[in-house]
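Proteins come first, then strands; the chains are lettered A, B, ... in the order of their sequence lines, and each starts at number 1.
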Number of protein chains: 2
Amino acid sequence: MLIKRDFLPQKGKWSLVGGFLEAKESLDQAALRILNNLTGLNDIYLEQLYTYGDTDRDPGERVLSTAYYALIKAGDYHLPIKRESTAKWFPIEKIPNLIFDHNIMVDKAMRRLKRKSLSQPIGFELLPEKFTIPQLQKLYEVIHQRELDKRNFRKKILSMGLLKKLNEKQKSGSRKGAFYYRFDKEKYDDFVSRGFHFEI
Amino acid sequence: MLIKRDFLPQKGKWSLVGGFLEAKESLDQAALRILNNLTGLNDIYLEQLYTYGDTDRDPGERVLSTAYYALIKAGDYHLPIKRESTAKWFPIEKIPNLIFDHNIMVDKAMRRLKRKSLSQPIGFELLPEKFTIPQLQKLYEVIHQRELDKRNFRKKILSMGLLKKLNEKQKSGSRKGAFYYRFDKEKYDDFVSRGFHFEI
DNA sequence: CCAAAAGTGTTGACCGTACACCCATGA
DNA sequence: TCATGGGTGTACGGTCAACACTTTTGG
């Protein structure tokens with residue numbers, strides 16, 4: 001999600017969403033507040049990415065920026081966006097030139113996400129409650145920017161035992177319909193606490 | 001490397017090394033400067049770890065801390081440490097209670113290092129120019145806090161083709177003596193640029 | 001001659017990858 | 001009936017893990 005800057009410098013260019021830390025809030029709280037102000041969303045997965053501290057990043061004055069990235073469930077982004085006029089979603093491969101070092105931030109976030117997706121079932125944060133295996137596969141394909149074999153993907157994902165199959169099919173998107181699944185929260189917690197690695 | 005605080009609050013407790021960012025330096029430069037002031041070392045591998053921004057981390061006043069960790073070659077730490085009276089090296093498993101959230105920082109650094117050691121030959125930064133395979137193995141054992149099978153370790157490491165065997169033995173440490181090796185810088189760069197993963 | 005660390009190969013289990021066809025259904 | 005995406009199994013090769021004995025040499 002990018003916003004079109006409506007003030008100088010670089011007015012009119014696309015930019016990541018940002019704001020200033022207040023005296024009595026933590027960095028995490030600030031990130032939540034800023035995201036919430038723009039989108040109205042709560043309960044969003046947020047993770048600190050990196051702190052950018054070069055003296056000349058912002059040509060105006062010296063600014064330190066601690067970048068965070070959020071994972072927002074597919075479907076939630078239909079919610080009304082507050083400053084709708086300026087905020088817009090972009091597919092990751094079509095991100096335009098951004099102000100300052102923001103493209104570097106996006107790049108770092110993507111690398112973090114790729115790595116993370118190999119050691120944690122991030123679908124939890126990015127998919128709706130009920131989702132199909134083809135949906136999950138597409139998520140991994142977008143993150144890793146390559147196509148995956150559906151037989152192998154399904155085998156791998158199911159072998160982890162984290163998914164519960166529901167007795168319900170998604171009817172949109174195909175003639176046949178795809179079964180919905182749900183993450184098994186308990187097994188997931190086991191998994192995470194033991195740490196796992198997973199090639200894809 | 002820890003220092004004993006010689007000022008309040010928490011005077012006498014162990015602490016990580018820190019300092020304040022100056023107006024005209026980047027975070028990276030500040031980290032280098034602070035490390036150099038204490039140890040006299042240059043050309044040290046430094047990596048930003050995380051920025052701690054809770055409002056009550058320091059009971060005195062509000063402080064934001066961007067933590068960095070350094071990898072210092074075994075052997076270099078024999079160099080005279082400037083503030084020698086207060087700085088001391090600790091084995092990782094014997095780190096005492098530290099001030100504020102510094103134990104959390106150490107913990108995060110260790111986790112980062114474990115992960116990193118699986119995707120990059122960190123021996124480059126941590127071992128002297130010439131090193132033996134048993135030395136390299138001990139490095140991985142310390143980082144991962146478990147023993148490794150020397151046959152498997154040797155096989156794995158050599159199969160990567162990153163090491164050049166020298167015609168020289170380390171005579172201390174064993175009767176038989178162990179051959180020295182050296183990293184092959186070119187192949188290493190290839191490796192890193194292609195990215196690799198490596199189970200241990 | 002002996003203690004102590006260096007050095008060496010094989011095997012089985014598991015996992016990743018490649019690959020092709022049938023199924024269900026709405027139009 | 002057909003186009004579309006969902007769903008399934010097998011076989012090969014590579015990699016990890018387990019495991020025990022020989023070599024060298026200073027004391």
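- Here the nucleotide nearest the side chain of B/F179, chosen from D/dC19, C/dG7, D/dG7, is C/dG7.
- Between A/L148 atom CG and C/dC15 atom C1' the separation is 16 Å, expressed in whole Å.
- When rounded to the nearest whole Å, the span between CD of A/E168 and P of D/dG6 equals 16 Å.
- With sequence neighbours left out, B/F179 forms a ring-ring contact (aromatic ring centres under 6.0 Å, His included) with no residue at all.
- Judged as a side chain to side chain contact (heavy atoms under 4.5 Å, CB included), and not counting sequence neighbours, the contacts of B/L21 are A/R62, A/L64, B/E25, B/L27, B/A30.
- Rounded to a whole Å, the CZ atom of A/R151 is 12 Å from the C1' atom of C/dC22.
- The nearest whole Å value for the distance from the CZ atom in A/F153 to the P atom in C/dC15 is 17 Å.
- At whole-Å resolution of the value, CG in B/L163 and C1' in C/dG7 are 15 Å apart.
- Contact of B/K155 with D/dT15 (side chain to base): no donor-acceptor pair of N or O atoms is detected under 3.5 Å.
- Both the sub-6.0 Å distance and the 45° axial angle are satisfied by B/K88 relative to the ring of B/F90.
- Distance CD (A/Q135) to P (D/dG7): 11 Å, rounded to an integer number of Å.
- Relative to the axis of its first five pairs, the axis of the last five pairs of the helix from C/dC1-D/dG27 to C/dA27-D/dT1 sits at 0°, rounded to 10 degrees.
- The CZ atom of A/R175 sits 11 Å away from the C1' atom of C/dA24 (whole-angstrom rounding).
- A/T55 and B/S26 form no side-chain donor-acceptor contact under 3.5 Å, judged by distance and modelled atom types alone.
- For C/dA24, the base has no donor-acceptor partner in the side chain of A/K176 [N/O atoms by modelled type, under 3.5 angstrom].
- Side-chain proximity of A/K171 to the nucleotides C/dG26, D/dG7, D/dG6 is greatest for C/dG26.
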What donor-acceptor contacts under 3.5 angstrom involve side-chain atoms of residues 96-104 of chain B, with partners at least two apart or in another chain?
{"from": "B/D101", "atom 1": "OD1", "to": "B/R57", "atom 2": "NH2", "distance (Å)": "3.0"}
{"from": "B/D101", "atom 1": "OD2", "to": "B/R57", "atom 2": "NE", "distance (Å)": "2.7"}
{"from": "B/H102", "atom 1": "ND1", "to": "B/L16", "atom 2": "N", "distance (Å)": "3.0"}
{"from": "B/N103", "atom 1": "OD1", "to": "B/L98", "atom 2": "N", "distance (Å)": "2.7"}
{"from": "B/N103", "atom 1": "ND2", "to": "B/P96", "atom 2": "O", "distance (Å)": "3.2"}

Enumerate, atom names and distances included, each donor-acceptor pair closer than 3.5 Å involving a side-chain atom of residues 165-173 of chain A, sequence neighbours excluded.
{"from": "A/E168", "atom 1": "OE1", "to": "A/K130", "atom 2": "NZ", "distance (Å)": "3.2"}
{"from": "A/E168", "atom 1": "OE2", "to": "A/K130", "atom 2": "NZ", "distance (Å)": "2.9"}
{"from": "A/K169", "atom 1": "NZ", "to": "A/K176", "atom 2": "O", "distance (Å)": "3.3"}

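- One interatomic measurement links the two molecules: CD of A/Q170 to C1' of D/dG7, which rounds to 14 Å at whole-angstrom precision.
- Counting distance only, with no hydrogens placed and no angle test, the side-chain atoms of A/K169 and the base atoms of C/dT25 include no donor-acceptor pair under 3.5 Å.
- Contact annotation: side chain of A/K150 to base of D/dG7, donor-acceptor pair present below 3.5 Å.
- For the pair B/R154 and C/dT8, the criterion of a side-chain N or O lying under 4.0 Å from OP1 or OP2 is met.
- Contacts of A/E186 classified as salt bridge (charged side-chain N to carboxylate O under 4.0 Å, His left out), with partners at least two apart in sequence or in another chain: none.
- For the pair A/D149 and A/G177, both in contact range of DNA chain C, the more 5′-proximal nearest nucleotide belongs to A/D149.
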